[in-house]
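In what follows, chains carry the letters A, B, and so on, assigned in the order in which the sequence lines appear, proteins first and then strands, with residues in each chain numbered from 1.
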Amino acid sequence: MAIQIPRGTQDILPGQSEKWQYIEGVAREMCRLFQYEEIRTPMFESTELFVRGVGDSTDIVQKEMYTFADKSDRSLTLRPEGTAPVARSYVENKMFGLVNQPVKLFYLAPIFRYERPGAGRYRQHHQFGVEALGSDDPAIDAEIISLAVGFFEKLGLKNLRVAINSLGDKESRVMHRTALINHFKPRIDEFCSDCKRRLEQNPLRILDCKVDHGHELMTTAPSIIDFLNEYSTNYFAQVQQYLQDMDVTTVLDPTLVRGLDYYNHTVFEVMFDSKGFGANATLSGGGRYTGLIEQLDGPATSGIGFGLGIERLLLALEAEGIELPTQKVVDCYFVSFGEAAEQRTVSLLHALRVAGLSAERDYQGRKPKAQLKSADRLEARYVAMLGDDELAEGKITVKNMKTSKQEKIEMTALVQFLQNK
RNA sequence: GUGAGCAUAGUGUAAUAGUUCGCACGUCACCCUGUGAAGGUGAAGGAACUGGUGCAAAUCCAGUUGUUUACCCCA
């Protein structure tokens, strides 16, 4: 049996990789406009970083990390999310001391989680993530959200729903959780088995249960918004106002929570609603984190960011029927008749490439007819044909593949001829 | 981690417990020995792995692996 690719991973092959490059290009361009700079952190970190940063009660840390010991018995973990490494780097490189705050960073990086693969979920996936560290200004929350939305729109995605919520500070979250349990517990027998399990595990999830969504307790359930203190309420109102000022449409979703421990205040998700699209409607998720930097032994610093999965984005683009521009241009394909011509092709081909023209030839000793076929399939703009006749005259036949017109030109004029086309 | 479906040439598919597993596209050759997108003829190339039941297994059963999908959770 041949060796197979590890479960939940995929090769990005030619034909597909061009799409990735395009998406990455759009991401970089957005970041340039919004003035975020690229950071590249290692693919693996001390396990401790994620245990402390992400939170040891989260699913990610409890069961999804690729953790291994190196030869010196250090416990290392393949990056399961993007924010903690950035926060670590911020602290380690003392970026809190930089004159310009917040420090605005982005990354394009592989993420590893040991989980069961499904629709739009992989063991290695790739995220475009953006983080702004060192500012409590609600304007930066709005900026981050508008960047995410702008990115999707630039790629032509429609049917987007931007869900937004505030978790307030940690206190409000704990109080809300208790209130939810008290609300549902007396009548939990009326709910489905999933909800019974959710009651202790994650009572908030009961609210978007598909089975019990009609139950009267659903509508009367306590909302997190009612548990926010004055600062949190005002902060959230300000974020929403700024978003409105930028014409970014959002939907308040009081049931929105995120699975990572470090989130406080603003949280948001960009959802893709399109029928035929699977259960993973979340294209992007993010929010504000206030305790993370301190948790990692840095000064009290607040940050906000988001991550979005490229694989899911590609699925969404496909579902929408959006074709990404992929340009692979072959300026000239060489077709040679006979051995002498084939030998002469080597230097001509090289000359074109040196001159900045993309050029290709046949390496399988195929017949001229088959060479033409290859040129056609590669969508070469021109074919340069060389045989004994041309060699004798010091000329070469150049054929425009679109118009099928061909002419014989001086061999020495080939580069110039093609450059002018 | 739980449940369900699927696994046939490079790709997409068909069939059925019983000779040599059919078709399409692709590949290659020839018709056409210096010209691509059309056509004709021909060729190469295939049952995920392991075990079981049967005279006989691609087909039935079990396990393994992979894959799709719904949960959980997330990007």
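For B:U27, the paired base is B:A43 (Watson-Crick or G-U wobble, both distances below 3.5 Å). The partner of B:U59 is absent, by the rule that a Watson-Crick or G-U pair needs both atom distances under 3.5 Å. The partner of B:C6 is B:G66, by the rule that a Watson-Crick or G-U pair needs both atom distances under 3.5 Å. Checking B:C71 for Watson-Crick or G-U wobble geometry (two distances, each under 3.5 Å) identifies B:G1 as its partner. Under the Watson-Crick or G-U wobble criterion, with both distances below 3.5 Å, B:U20 has no partner in any strand shown.
You won't find any donor-acceptor pair under 3.5 Å spanning the side chain of A:Q371 and the base of B:U35, going by distance alone. With hydrogens and angles ignored, a donor-acceptor pair under 3.5 angstrom links the side chain of A:E390 to the base of B:G34. Looking at A:R121, its side chain comes within 3.5 Å of the base of B:C73 through a donor and an acceptor atom.
Between the side chain of A:E45 and the backbone N or O of A:R88 there is no donor-acceptor pair closer than 3.5 Å.
For B:G54, the glycosidic angle deviates from 0 by 90° or less, giving a syn base.
Atom CD of A:Q62 and atom P of B:G1 are 15 Å apart (whole Å). The CZ-P distance, from A:R113 to B:G1, rounds to 17 Å in whole Å. As a whole-Å value, the separation of A:F112 CZ from B:A75 C1' is 14 Å. When rounded to the nearest whole Å, the span between CD of A:Q10 and P of B:G66 equals 16 Å. One can place CG of A:L13 at 13 Å from C1' of B:U11, the figure rounded to the nearest angstrom. Rounded to a whole Å, the NE2 atom of A:H125 is 17 Å from the P atom of B:C73. A straight line from CG of A:L372 to P of B:A38 spans 14 Å, rounded to a whole angstrom. Atoms NZ (A:K408) and P (B:U35) sit 14 Å apart, rounded to a whole Å.
Between B:U67, B:U35, B:A4, one nucleotide has an atom nearer to the side chain of A:R7 than all others, and that is B:U67. You'll find that the side chain of A:K373 is closest to B:U27, out of B:U27, B:G66, B:G34. Nearest nucleotide to the A:T282 side chain, out of B:A75, B:G66, B:G3: B:A75. Comparing B:C30, B:U35, B:C73 by their closest approach to the side chain of A:K367 singles out B:C30. The side chain of A:D376 lies closest to B:G36, out of B:G36, B:G34, B:U69.
A:E115 comes within 4.0 angstrom of a nucleotide base, judged by non-hydrogen atoms across all strands. Within the nucleic acid shown, A:E269 has no heavy atom closer than 4.0 Å to any nucleic acid atom. Within 4.0 Å (heavy atoms only), A:G286 reaches no atom of the nucleic acid at all. A:F306 comes within contact range of no nucleotide atom at all, as no heavy-atom separation falls under 4.0 Å. Counting non-hydrogen atoms under 4.0 angstrom, A:Q124 reaches nothing in the nucleic acid. Using a 4.0 Å heavy-atom cutoff across all strands shown, A:K399 reaches at least one base atom of the nucleic acid.
Proximity of the aromatic rings of A:F106 and A:F34 is defined here by a centroid distance below 6.0 angstrom, and this criterion is not met.
With sequence neighbours excluded, the residues that form a ring pair (Phe, Tyr, Trp, His ring centres under 6.0 Å) with A:Y66 are A:Y114.
When the C1' atom is compared between B:G18 and B:U59, the two are found 12 Å apart, to the nearest whole Å. Rounded to whole Å, the separation between the C1' atoms of B:C32 and B:A38 comes to 14 Å. Across the C1' atoms, B:G42 and B:U19 are found 24 Å apart, a figure rounded to whole Å. On the C1' atoms, B:C60 is 24 Å away from B:U20, given to the nearest whole Å. One C1' atom belongs to B:G39, the other to B:G54, and the distance between them is 49 Å to the nearest Å. Spacing between B:G46 and B:G5 at atom C1', rounded to whole Å, works out to 23 Å. Atom name C1', nucleotides B:A58 and B:A48: the rounded distance is 12 Å, in whole Å. For B:U11 and B:G45, the C1' atoms lie 13 Å apart once the distance is rounded to whole Å.
Atoms CD and CG, from A:E269 and A:L308 in turn, are 12.5 Å apart once rounded to the nearest 0.5 Å.
Summary of the strand contacts: A:H126 and A:Y114 both lie near RNA chain B, and taking for each the nucleotide with the nearest heavy atom, the more 5' one is attributed to A:Y114. Comparing A:D388 and A:R377 along RNA chain B, the residue whose closest nucleotide (by nearest heavy atom) sits nearer the 5' end is A:R377.
Residues A:Y289 and A:Q295 have side chains that never bring a donor and an acceptor to within less than 3.5 angstrom of each other.
Sparse packing is recorded around CE of A:M43, with 12 or fewer heavy atoms of other residues, nucleotides or ligands lying under 6.0 Å away. Around NZ of A:K154, the count of heavy atoms belonging to other residues, nucleotides or ligands within 6.0 Å exceeds 12.
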Please evaluate residues A:L147 and A:Y36 with respect to the criterion side-chain contact (heavy atoms from CB on, under 4.5 Å), reporting the C-alpha separation (whole Å), side-chain torsions for both, the decisive distance (0.1 Å), and the verdict. CA-CA 10 Å; A:L147 169 46; A:Y36 286 75; 4.0 Å; yes

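Between A:K369 and B:G36, a side-chain N or O to OP1/OP2 separation shorter than 4.0 Å is present.
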